[in-house]
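Only one structure is covered here, and it is reproduced in the block below.
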Amino acid sequence: MIMPFWLLKSEPDVFGYPDLQRVGREPWNGVRNYQARNNLRAMRSGELCLFYHSNAKPNGIAGVARVSREAHPDNLQFDPASAYYDPRSPMDDPRWSMVEVEPVRAFPRVLTLDDLRALPGWQDSPLIRKGTRLSVLPVSDTEFRAALAAVGLDADHL
DNA sequence: GCCAACGTTGGC
DNA sequence: GCCAACGTTGGC
């Protein structure tokens, strides 16, 4: 069976791939979109994620991360001091989930959005479609391999 | 900084 | 259940 792959968006001004390398592991909290949340809940330990920089110069994939802990309640939804506080999330049935991720491999260069648009196998990805705001999305085996190959990495030997 | 695309909210 | 108003995302 082919392991699912994922893509996580993050603004590098807030938290970029170098930050993930520095801290070693990071709770992926603050996701407040149901489709993205459902994707988080579908993630399994060990699965690999492309780490995408949005609102960046340049926008693109900066590295590979791994799911180090599966979905559990997002801590920020119960914190009134947090921008991600959700007063309507029931304590006994939390609305929002987070996973934890760890760094696997930095890309030798950022694989930019323009690169991805030109990459065979990426034509159907919602990422390159205008108006897609989903911050946690599935990536096909083809897309994953093509992205790594484009920067000279081997998906089977990370 | 602009604005198109999209998700969510809330009145009806 | 519809849909207008609003807020957010994210490329440019």
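Lettering of chains follows the sequences in order, A, B, ..., and the numbering in each one begins at 1.
Taking the six-membered ring where the residue is Trp, A:Phe5 and A:Phe144 present parallel rings, their angle staying beneath 30° rather than reaching 60°.
Regarding A:Lys130, its NZ atom lies at a distance of 12 Å from the P atom of B:dC3, rounded to whole Å. Between A:Arg129 atom CZ and B:dC6 atom C1' there is a gap of 13 Å when expressed in whole angstrom units. Distance, A:Tyr84 OH to B:dT8 P: 16 Å, rounded to whole Å.
Note that the OG atom of A:Ser135 and the CG atom of A:Asn39 stand 9.0 Å from one another [nearest 0.5 Å].
Put simply, the residue from A:Arg22, A:Arg69, A:Arg66 that forms a salt bridge (Lys or Arg N to Asp or Glu O under 4.0 Å) with A:Glu102 is A:Arg66.
Between A:Leu127 and A:Arg133, the residue anchored closer to the 5' end of DNA chain C is A:Arg133, taking for each the nucleotide with the nearest heavy atom.
Residues A:Val99 and A:Glu70 fail the side-chain proximity criterion, which asks for heavy atoms closer than 4.5 Å.
Nucleic acid contact class of A:Asn55 (heavy atoms, under 4.0 Å, all strands): base. Nucleic acid contact for A:Arg117: sugar-phosphate only, since backbone atoms but no base atoms lie under 4.0 Å from a heavy atom of the residue.
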Please tabulate the protein-to-nucleotide N/O contacts below 3.5 Å involving nucleotides 9-12 of chain B, giving atom names and distances.
from, atom 1, to, atom 2, distance (Å)
B:dT9, OP1, A:Arg88, NH2, 2.8

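Taking the six-membered ring for Trp and the full ring otherwise, the centers of A:Trp28 and A:Phe51 sit less than 6.0 Å from each other.
Salt-bridge formation is not detected for the pair A:Asp124/A:Arg129: no Lys NZ or Arg NE/NH1/NH2 atom is positioned less than 4.0 Å from an Asp or Glu carboxylate oxygen.
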